[in-house]
Amino acid sequence: MTAMQKNAIVTGARGGIGRAVVNRLVADGVRVLAVDLDVAGLAGPGIESLAVDLASDDAPERIVRAARVLGPIDILVNNAGVGGSKSLVLSDDALLDRIIGVNLRAVLRLTREVIPQLRTPGGCIVNVASVYGEVGFPGCTAYAVAKAGISQLTRQLAADLGPKGIRTNGVAPGVIRTPMTAHRLESDPQYWRDMVQATPLGTIGTPEQVASVIAFLCSDDAAYVLGQIIAVDGGWLACRSHAGA
Amino acid sequence: MNRFSGKIAVITGAAGGLGRDAAVALAREGARKVVLMDRDAPALAEVAAQIGPVAQIVPCDVADAASQEQAWQQYASNGALDVLLTAAGTVGRGTRIEDCSVDEWDRIFAVNVRGTFLTIRHALPALRQARGCVVTYGSTAGLAGSAVLGPYSASKGAVAMLTRSLALAHAAEGIRFNSVCPGSIDTPMLQATIHSAGNEQAIAARHAAYLARHPLGRFGQPAEVTAAALFLASDEASYLTGVSLPVDGGRLA
């Protein structure tokens, strides 16, 4: 179906959502450079992989160098992120630096390096934001602030790169079952109440349900969609203050 | 793609530009029945001819309660409903709020708000049977204010909130409600809005001003609205409900 071979960079490729995005893009005929701290088990047809710590100084340069074997980049999916956030008074400098560093600063630095390599016009960027970046939620200050930054980055890039024909959009996942959330889903009853029970559709989302929205945003079907953050959250954000009422 | 293989769909405003485009696309993607609702029956016949045997014509003035009653009686034998697109809408005469007559106001709200409400209320029993989904047609003017299209903007704002409230009310039944929100799409409606600016110079100025607000630097095509609407209606969007998705070339961002 796709006439032209497309190439993508996906960060956090070994995580729940990242793995689903890689699988989906490959199934759609896209060649993927899969980036993560550890890339064991990521190999496969249509997949190049690179083990790198996104927070390291030379990560953007190494990723772009590794992507050269693919040719011009059509798609950048900024998916990598870390959790473990707390309320502000409980967040020491190391925690703030780590969460802002990986979830926001590393995304800015990688995107800056990739922009000149993006097919122009025609390239696209999809950022994985979060519902926590859109509304207040207790106990996750640095994460929420970083993700709000990702949402705003999405709009800034839309304004800056839209005129060049590069589209930037984002998704804001709600409660999704991944290795990052699995433990909390099982051990934190408050999280279960605030997230699962407050999700109107009444189900926990799957990584594949996020990947299909990202695939839409990367496709020509979204050719006139720009600067948007699509909540993939079973209605949590649209209805959160009234769930059950 | 064949995302709607074996499904039944209803499209209101099916004789209009966006409704017609979506109806044709649903048929192309395998829908086994595409029910076309519009008050313009002769135009529906043309759309049905374009679609072929899967099309069913159901004349309906969405704003009229009796007409809706009749239309959904005619629909009833189809049973469960998988996809409902409420594309019927009117921009009215494009008047500012200060210049809007009561009749004009009532007409815009009758079509855009009462029409969407009546359509969905009638469709709910059939949607429930299929755990179906609804895509309403909002507008970027329903998410941000509009100086030149105030009454229209207010009506589309109502559609956005109608969609979110329905999303919450029927999520437990597995019925998804989302809204596609076209911005400046290259349709006769947009041309009319631009041409209502006045003389040639004013028209050119409004055209340039509209374009300048869009980071992508162009107006959208009806097919681009359809692509987004069909994504929302497909299983690809199975974890989305209550979403208003602007298709606006970055205007609102």
Measure distances from B:Ile185 to the heavy atoms of chain A and classify the residue's part below 4.5 Å as side chain, backbone, both or neither. side chain
When you look at CZ of A:Arg105, are more than 12 heavy atoms from neighbouring residues, nucleotides or ligands closer to it than 6.0 Å? no
With a cut-off of 6.0 Å (strictly less than), are more than 12 heavy atoms of other residues, nucleotides or ligands near CG of A:Asp220? no
Which heavy atom of B:Val247 sits nearest to which heavy atom of A:Tyr224, and what is that distance? O-CD2, 3.4 Å
Measuring heavy-atom distances to chain B, does A:Ile204 have an atom under 4.5 Å in its side chain, in its backbone, in both, or in neither? backbone
Just how far is it from atom OG1 of B:Thr241 to atom CG of A:Leu237, taken to the nearest 0.5 Å? 12.5 Å
From B:Leu252 CG over to A:Gln228 CD, what is the distance, rounded to the nearest 0.5 angstrom? 6.5 Å
Once you round to the nearest 0.5 Å, how far does OH of B:Tyr239 lie from CD1 of A:Ile230? 15.5 Å
Atom group of A:Thr203 that falls short of 4.5 Å from chain B, counting heavy atoms: both
Shortest non-hydrogen pair, B:Gly242 vs A:Ala238, comes out as O-CB, 3.3 Å
Which one of B:Ala167, B:Gly220, B:Ala228 has the most heavy-atom pairs closer than 4.5 Å to chain A? B:Gly220
A:Phe216 side, atom CZ; B:Leu245 side, atom CG - distance, nearest 0.5 Å: 5.5 Å
Below 4.5 Å from any heavy atom of chain A, which atoms of B:Arg176 appear? Answer side chain, backbone, both or neither. side chain
Heavy-atom pair of closest approach, residues A:Leu226 and B:Gly249: CD2-O, 3.3 Å
Give, as side chain, backbone, both or neither, the part of A:Ala223 having an atom under 4.5 angstrom from any heavy atom of chain B. both
Side chain, backbone, both or neither: which part of A:Val175 has a heavy atom under 4.5 Å from chain B? both
Does any heavy atom of chain B fall under 4.5 Å from the side chain of A:Leu161, the backbone, both, or neither of them? neither
Return the option, out of A:Pro121, A:Gly162, A:Ala231, A:Ala215, with the maximum number of heavy-atom pairs under 4.5 Å with chain B. A:Gly162
For chain A, the option from B:Asp248, B:Leu230, B:Leu240, B:Ile175 that forms the most heavy-atom pairs under 4.5 Å: B:Asp248
Chain A contact via B:His170 - which portion, at a heavy-atom distance below 4.5 Å: neither
Before giving the answer on side chain to side chain contact (heavy atoms under 4.5 Å, CB included), spell out for A:Val225 and B:Glu224 the whole-Å C-alpha distance, their side-chain angles and the decisive distance to 0.1 Å. CA-CA 9 Å; A:Val225 179; B:Glu224 294 175 315; over 6 Å; no
If you compare all heavy atoms of A:Gln209 against all heavy atoms of B:Ser238, which two are closest, and at what distance to 0.1 Å? NE2-OG, 2.8 Å
For the interface with chain B, which of A:Gly205, A:Gly202, A:Ala159, A:Gly165 has the highest count of heavy-atom pairs at distances below 4.5 Å? A:Gly205
Do you know which of A:Gly174, A:Pro173, A:Gly234 has the most heavy-atom pairs with chain B at a distance under 4.5 angstrom? A:Gly234
So which atom in B:Ala227 and which in A:Asp221 form the shortest heavy-atom distance, rounded to 0.1 Å? CB-O, 3.4 Å
Which pair of heavy atoms, one from A:Gly227 and one from B:Ala253, lies closest together, and at what distance? O-CB, 3.4 Å
